[in-house]
Amino acid sequence: MIRTFAELDLDPTLLEAIEEMGFSRPTEVQAQAIPQALDAKDILASAPTGTGKTASFAIPAIQYLLDFPRKKAGPARILVLTPTRELAMQVAEQTRALAKYSRLKVATITGGVTYDSHAETLAQTQDIVVATPGRLMEYIESERFDCRAIEWLVLDEADRMLDMGFGPTVDRLSAECRWRKQTLLFSATLEGRGVEGFTADLLNEPAEIDAEPSLRERKKITQWYHRADSAEHKLALLKHILSEQAQRTIVFVKTRERLAELRQQLDSAQIPCSWIQGEMPQDRRNNAISRFREGSVNILLATDIAARGIDLPDVSHVINYDLPRSADVYLHRIGRTARAGKKGIAISLVEAHDQPMMDRVGRYTKELIKERFIEGMRPTHKKPVFKKKKKAKKDDKKKVTKKKGAKKK
Ligand code: ADP
Ligand code: MG
C-alpha cells in the first residue's frame, strides 16, 4: 500500500498541485483507490464523509487525461455525477485546483442555472464535466450533450443519489455512456436501499474498497445531548449554546417550516445566521454558503436535503435542533464537523418524544452519547424510559425459527 503521493508515478505538475493543496499524504481511501483506478480498474469504494473521496477519483482522472491526451477538440471525456449542485460545484472546484497546471477544462452542468448559461459550456471543448443527473439527462434528450466521448463515468455519493431517487436516471446515463472504459463509484455507505443491485449493473469486476479511516483521519467528534422540557426550553438551550459555546455551527432542523420559524426566533434574539434549504434559488444558496464559508456569519441553519454533500470547512459544532428521522442521517449530519482530522462537537436537543430516536442513534453508532446539563437550564421532567419491545419479538422469532427448523427436517 502506498504511503505518499510521490510513489504514485503521477505527473510532476499534478504532484505540485496536490502539494499546494496541503495534502501531505494520501488518505486511506485515496491510497487504495488511486492505484487501482490508474490500473484501469472499475472501483466500488466506500469511505466515511470527509475522508477525501473527491481526490480519490479526481487525481487518477487527471492523470489519465494527461497520459492519453486528446488529439482534437471535442466533448467531455470524463463525467462525474453528483447528487446536488453544491456538491457538483465543490467537486469541480477541487478538481480544478488539482488540474491547475494542466490545460484540462472542468465544467459543471446542474439544475438551478439558466439553460442559456450552459450553452457555452456545451459548445466548448471540455475534459471533465461534473453534473447532476436530472439536468444532464435533459441535455442528452435534447441532443445537446454528447456522451459518446465519455471514457470514465464517476458516481460520487452514490448512496445519496439513490436516496434522492436518481437511480433510474443514473441507469439511463450509464446506458448513454456505454462506450466508456471505466466506472468509479464512491459512497459513504454501501449498505441499504439497493446500492448493491444498483452497482452490479454499472460496474465491471470492480476493485472493492471499504476504507476504514486511519486513526489520524478518524474524526474526533465529541457528542452529547441536552434534554428539553418544551419547545421554549429547547429554544432557550439553543440560544445559550450559540451565544456561549459554539463558534462555527450548523444547526439542523427537519423541515423548511421549522427553519423559517427558527430563523425568526434567532432574528428577534439578534443572533445572526444564514440558512439553506431545499428548493432555494441557486444564487441565494450560494450566497448563504459563501457568507458562512467566509466567516461573515458563524451560524448556518439547514435542512437535511439542503446540506447533502456540502463540504463546509472548519465547522466546530453541529447542533441537532430537531433530531433526524434516522440514525443514518444523524451520522451524515455530524459528519459535517471534524473534517480531515480536526476536532468537532455534535449536540442534540432532545424533547421527551425524541428520546427513542436518541437511544436508537446511540445503538446505531455504538457510542455512548451522554446527557449534559447547563446550569440553570436543567430539565424538570425525568428522562422517559421507553421499554424496548425486544423481548416479545425475540420470542416470536424463536418460534418462527423453530417452525422453520421443523419444516426443514
Ligand atoms: P469526502 O468526499 O470523502 O466527504 P472530500 O473529498 O470532500 O471528502 O474531502 C474532505 C476534505 O479533506 C476536503 O477539504 C479536502 O480538501 C481534504 N483532503 C482531501 N484529501 C486530503 C489529504 N490527502 N490530506 C489532507 N486533506 C485532504
Ligand atoms: Mg464527497
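In this text, all values refer to a predicted model and were calculated from it rather than measured experimentally. In listed order, ligands and their atoms are each counted from 1.
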Enquirer: Between P48 and ligand 1, which part of the residue brings a heavy atom under 4.0 Å of the ligand: side chain, backbone, both or neither?
Expert: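 For P48, the contact with ligand 1 is made by the backbone alone.
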
Enquirer: Relative to atom 24 (N) of ligand 1, which among F23, F186, F57 owns the nearest non-hydrogen atom?
Expert: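 The residue whose heavy atom sits nearest atom 24 (N) of ligand 1 is F23.
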
Enquirer: Hey, what do you get for OH (Y64) to CG (D127), rounding to the nearest 0.5 Å?
Expert: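 The CG atom of D127 is 11.5 Å from OH of Y64, to the nearest 0.5 Å.
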
Enquirer: I'd like to know if A47 contacts ligand 1, where contact means a heavy-atom distance under 4.0 Å to any ligand atom.
Expert: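 The answer is no: ligand 1 sits nowhere under 4.0 Å from a heavy atom of A47.
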
Enquirer: I'd like the name of whichever of G52, A31, G22, S187 reaches closest to atom 8 (O) of ligand 1 through any heavy atom.
Expert: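 Result: the heavy atom closest to atom 8 (O) of ligand 1 is in G52.
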
Enquirer: Do the charged groups of E375 and R378 touch, with an N to O distance under 4.0 Å?
Expert: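 Yes, this pair counts.
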
Enquirer: Where on M21 is there a heavy atom closer than 4.0 Å to ligand 1, on the side chain, on the backbone, on both, or on neither?
Expert: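 None of M21 does.
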
Enquirer: For R25, take its heavy atoms, then give the atoms of ligand 1 lying under 4.0 Å from any of them.
Expert: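 This gives 22 (C), 23 (N), 24 (N) as the contact atoms.
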
Enquirer: Flag the pair K100 and E20 as a salt bridge only when some basic side-chain nitrogen lies within less than 4.0 angstrom of an acidic carboxylate oxygen.
Expert: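 Answer for the salt bridge query: yes.
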
Enquirer: Classify the side-chain pair H118/R144 by whether it contains a donor and acceptor separated by less than 3.5 Å.
Expert: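 There is no such pair (donor and acceptor under 3.5 Å, judged by atom type) between the side chains of H118 and R144.
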
Enquirer: K53 to ligand 1: N or O pair under 3.5 Å?
Expert: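 Between K53 and ligand 1, an N or O pair is found under 3.5 Å apart.
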
Enquirer: May I ask you to establish whether R258 and F252 are in a cation-pi arrangement, using a distance under 6.0 Å from NZ or CZ to the six-membered ring centre and at most 45° from the ring axis?
Expert: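 Relative to the ring axis of F252, which defines the angle, R258 lies outside at least one limit.
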
Enquirer: Less than 3.5 Å between some nitrogen or oxygen of G50 and one of ligand 1, yes or no?
Expert: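 Among all N and O atoms of G50, at least one is under 3.5 Å from an N or O of ligand 1.
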
Enquirer: What atoms of ligand 1 come closer than 4.0 angstrom to any heavy atom of T51?
Expert: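 Contacts of ligand 1 toward T51, numbered from 1: 1 (P), 3 (O), 8 (O).
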
Enquirer: I'd like to know if E151 pairs up with R70 as an ion pair, taking the criterion as any Lys NZ or Arg NE/NH1/NH2 lying under 4.0 Å from an Asp or Glu carboxylate oxygen.
Expert: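 A salt bridge is absent here (no side-chain N lies under 4.0 Å from a carboxylate O).
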
Enquirer: Can you sort out which atoms of ligand 1 are near T54, meaning under 4.0 Å from one of its heavy atoms?
Expert: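 Every atom of ligand 1 under 4.0 Å from some heavy atom of T54: 2 (O), 5 (P), 6 (O), 7 (O).
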
Enquirer: Using a strict threshold of under 4.0 Å (side-chain N to carboxylate O), is an ion pair present between K53 and D156?
Expert: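 No, D156 and K53 are not salt-bridged.
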
